[in-house]
Amino acid sequence: MEITVLESTPTRVRLLVKDAPLALVNAVRRLILSEVPVMAVDEVIFLENNTAMYDEIIAHRLGLVPLTSERALEKYRSPEECAECTDCEDCFVSLYLDIAAEDQPVIVYSGDLKSTDPDVQPVYDNMPLIYLAPGQRVSLEARARLGRGKEHAKWSAATVAAHKYLPVIKFDFTKASRETVEECIECIEGASREIAKKLREMKKGEYQVLEDVNTSLYHYCSRTACKDVLEIEYRDDSFILTIESTGALPPKRILTEALRILEEKSRSLLEALGASTGGGESS
Amino acid sequence: MAHYKCGKCGKEFTDEDIKLLPGIRCPYCGYRVIYKIRPSSIRRVKAI
């Protein structure tokens, strides 16, 4: 198995994974969305709320605010230990909000939440939460804990976790007339000017589409303007895996956590199989 | 014990005071529009 990093930013990573089974890549994708734990607000204690928004709406919005979770994975107890208890130690972080609008309306942003733990803060300060008209006040304590995406989507570590087969364009411009080649390139430019430019320079061969483009249009081109000149195929042993984080964890940390969870689940399955078959071989 | 506030005179009163007059009226000024005041107890809400 060979892995190449195509793109790596603080919120997004794209990998080219070669010679890996589809089931493995799909398992990693599913674990990223449903099993990698992150911090999110789970319970809100309202002291005062005379705004136009119901308590439940404000609590729902607070639950969807991404909170930095990298250090929290080590500091706080696992979701399974904390899900049922309300006052367990090392489970909850409190974030306080106490804002009143005097003469002017006020918009309460996620940056106004004051956390008791500097390692667990809203990732983005400028998410609007509540609109206060003059004279309205909201005072609450939000309690956040670690959780998994399978329990509620607010605990999902990634906004995007997607894989696709590696697209490869096979083309030969040397065998076609100039007019046909120009029409074909014009069609390709509809999807990506950069790729069209590279194909024009190459004239012939195979081009792996590693750029973040939708290659559906190339099917249309291969049947119309690029007929007998260009075709697109998808390698079923190579994948482009895209992971976009909510900001709670860096994308690379999300990936390593997903792989650790996969290893843990595989090991416990082997142990259970070994136990059920009377201590058979396990690898 | 729920607390209410008159829409006209702004005075606050409880369930017991409402029963003084027939119908839903402010016991002080008789205005028929009254607002329920949010209880002062804290409220725990799940963020779902």
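The sequence lines fix the lettering, A, B, ..., with proteins before strands; numbering per chain opens at 1. Worth knowing before you read on, the calculation uses all heavy atoms, side chains too, and leaves out hydrogens, waters and symmetry mates.
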Intermediate values then yes/no, ring-ring contact (aromatic ring centres under 6.0 Å, His included), A:Tyr165 and A:Phe239: CA-CA 5 Å; A:Tyr165 289 124; A:Phe239 305 92; 5.4 Å; yes

Taking every non-hydrogen atom, the tightest pair across A:Val123 and A:Thr68: CG2-N, 3.8 Å

Between chain B and each of A:Leu47, A:Ile45, A:Asn50, A:Leu62, count heavy-atom pairs under 4.5 Å; write down the option with the most.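 If we count pairs closer than 4.5 Å to chain B, A:Ile45 comes out on top.
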
A:Leu64, A:Ile57, A:Asp42: which one forms the most heavy-atom pairs within less than 4.5 Å of chain B?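 Among A:Leu64, A:Ile57, A:Asp42, the one with the most close pairs to chain B is A:Asp42.
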
Please classify the contact between A:Arg61 and chain B as side chain, backbone, both or neither, with a heavy-atom cut-off of under 4.5 Å.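 It is neither, since no heavy atom gets under 4.5 Å.
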
Can A:Arg267 and A:Glu271 be counted as an ion pair, charged N to O under 4.0 angstrom? no

Of the backbone (N, CA, C, O) and the side chain (C-beta and beyond), which part of B:Arg43 lies under 4.5 Å from a heavy atom of chain A, both, or neither?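 Interface part for B:Arg43: both.
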
Below 2.5 Å, is that where the SG pair of A:Cys91 and A:Cys82 sits? yes

